[in-house]
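Side chains are part of it too, since the values below use all heavy atoms of this structure and drop only hydrogens, waters and symmetry mates. Chain naming here is simple, since letters A, B, ... match the order of the sequence lines and numbering starts at 1 in each. These numbers were taken from a predicted model, which means no experiment stands behind them.
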Number of protein chains: 2
Amino acid sequence: MKQRRNTKQRQLILDLVRSSCDHPSADQIYLGARAIDDKISRGTVYRNLNLLVRQGELLHVKISGADRFDCRLGFHHHVLCTECGTVRDAPLSYHGELDPEVASKTGYIIEKHSAVFEGICPDCQNKSKHN
Amino acid sequence: MKQRRNTKQRQLILDLVRSSCDHPSADQIYLGARAIDDKISRGTVYRNLNLLVRQGELLHVKISGADRFDCRLGFHHHVLCTECGTVRDAPLSYHGELDPEVASKTGYIIEKHSAVFEGICPDCQNKSKHN
DNA sequence: ATGGGTGCAAAGTGTTTGCAAGTAT
DNA sequence: ATACTTGCAAACACTTTGCACCCAT
């Protein structure tokens with residue numbers, strides 16, 4: 001069983017994800033961390049993000065290209081703005097009954113599902129009006 | 001307005017995706033194409049897949065890492081086996097009423113949503129029994 | 001002191017692109 | 001003949017990894 005240490009880098013990364021509500025990509029977290037600790041390396045950021053996900057302290061969200069990270073645990077869905085690429089949580093409850101439904105129809109053991117809504121956020125709607 | 005030509009490469013790629021039911025990744029399509037035309041290049045495969053998606057002849061499915069392509073048009077959901085990575089269509093209807101619901105709650109203009117169910121397929125369940 | 005963690009840079013994936021030559025129209 | 005397409009290789013974007021040094025325990 002591996003020990004886990006508290007390094008300031010790891011704490012910094014966790015704090016950054018927890019304080020951002022926009023599901024940052026690994027690179028955005030790296031840049032944010034870099035602004036505070038100008039020695040921290042990309043390798044450390046990626047390693048720690050993966051570690052924190054494995055330990056259940058963060059959620060890994062795969063949406064449109066780069067991996068993103070989410071401090072909100074538990075099942076929930078996301079809304080992606082196809083214009084600016086930002087991601088926010090969807091104000092919907094989790095329809096857990098769909099999991100056994102799909103399981104019985106397919107023979108799979110279903111663990112969970114996740115939905116991504118795609119559209120244009122209010123900001124981008126305003127921007128395109130002014131063009 | 002760009003013309004579109006019928007090249008044998010493009011036709012081959014389209015045929016391959018249409019004849020595969022497992023949502024192949026670009027690289028799987030490349031390998032399949034390569035087995036038939038041993039001169040075709042990765043660049044051509046990627047270019048044509050993107051073109052065919054832009055023209056609405058294929059669907060782009062972003063699941064777990066690599067981009068995948070789907071010849072089934074129209075909104076539908078997917079089931080991913082987290083063990084072997086295969087993807088199949090989910091036997092569920094599209095709940096279109098969720099789109100305006102999310103739209104009114106968030107102010108986004110929602111175009112669509114897509115759900116991915118994660119679990120273990122029957123094949124992989126059997127394999128793990130025998131270990 | 002010990003072994004997990006870090007910074008760095010190199011190596012891996014998966015995808016896109018510039019260019020000269022090829023080909024469908 | 002024209003200009004869209006191809007094959008090739010180099011370039012990209014994102015992520016992982018090997019290694020020597022460092023530091024939390």
Taken in chain and number order and not counting sequence neighbours, the residues that satisfy side-chain hydrogen bond (donor to acceptor under 3.5 Å, both in side chains) with A/Asp37 are none
Atom CZ of A/Arg5 and atom C1' of D/dA24 are separated, to the nearest Å, by 5 Å
Hits for ring pair (Phe, Tyr, Trp, His ring centres under 6.0 Å) against B/His76, two or more places apart or cross-chain, chain-then-number order -> B/His78
Is the distance from OP1 or OP2 of D/dG7 to the nearest side-chain N or O of B/Thr44 less than 4.0 Å? yes
Sorted by chain and number, sequence neighbours left out, ring pair (Phe, Tyr, Trp, His ring centres under 6.0 Å) with A/Tyr94 holds for A/Phe75, A/His77, A/His113
Angle separating the five-pair end axes of the helix from C/dA1-D/dT25 to C/dT25-D/dA1, nearest 10°, is 30°
Students should find that the hydrophobic cluster of A/Leu73, defined by side-chain heavy atoms under 4.5 Å apart, otherwise consists of A/Leu59
So which protein N/O to nucleotides 18-21 of chain C N/O distances come out below 3.5 Å?
residue	atom	partner	partner atom	Å
C/dG18	O6	B/Arg47	NH1	3.2

note: B/Asn50, atom CG; D/dT6, atom C1'; distance rounded to Å ~ 16 Å
note: B/Asn48, atom CG; C/dT15, atom C1'; distance rounded to Å ~ 14 Å
Review point. Can you find a side chain N or O atom of B/Thr7 that sits less than 4.0 Å from OP1 or OP2 on C/dT23?
Key: no
B/Leu51 CG to C/dT16 C1', in whole Å, measures 14 Å
In whole angstroms, the gap separating P of C/dT17 from CZ of B/Arg42 amounts to 17 Å
Contacts of B/His60 meeting ring pair (Phe, Tyr, Trp, His ring centres under 6.0 Å) (sequence neighbours excluded), chain-then-number -> B/Phe69
Taken to the nearest whole Å, OH/B/Tyr46 to C1'/D/dA9 is 15 Å
So, with a heavy-atom separation below 4.0 Å from DNA chain C, the residues of residues 8-30 of chain A are A/Gln9, A/Arg10
By nearest-heavy-atom nucleotide on DNA chain C, the more 5' of B/Asn6 and A/Gly43 is A/Gly43
Under a side-chain separation threshold of 4.5 Å, the hydrophobic residues clustered together with B/Leu98 are A/Val79, A/Leu92, A/Phe117, B/Val102, B/Tyr108, B/Ile110
Side chain proximity check, A/Arg47 to A/Gln9, heavy atoms < 4.5 angstrom:
no
Residue set satisfying salt bridge (charged side-chain N to carboxylate O under 4.0 Å, His left out) with B/Asp89, at least two apart, ordered chain then number -> B/Arg72
A/Arg54 CZ to D/dT15 P, in whole Å, measures 15 Å
Besides A/Val116, the hydrophobic cluster formed by Ile, Leu, Val, Met, Phe, Trp and Tyr side chains linked at under 4.5 Å, directly or via other members, contains A/Val61, A/Ile63, A/Leu80, A/Val87
Contacts of A/Asp27 meeting salt bridge (charged side-chain N to carboxylate O under 4.0 Å, His left out) (sequence neighbours excluded), chain-then-number -> A/Arg42
So, are A/Glu57 and A/Arg4 salt-bridged, with charged N and O less than 4.0 Å apart? yes
Between CG of B/Leu52 and P of C/dT15 the distance, given in whole Å, is 16 Å
Of the candidates D/dT25, D/dT5, C/dT25, the side chain of B/Arg4 sits closest to D/dT5
The nucleotide from C/dG7, D/dG7, C/dT23 with an atom nearest the side chain of A/Lys39 is C/dG7
Of A/Thr44, A/Asp15, A/Asn48, the one forming a side chain to side chain donor-acceptor pair (under 3.5 Å) with A/Arg10 is A/Asn48
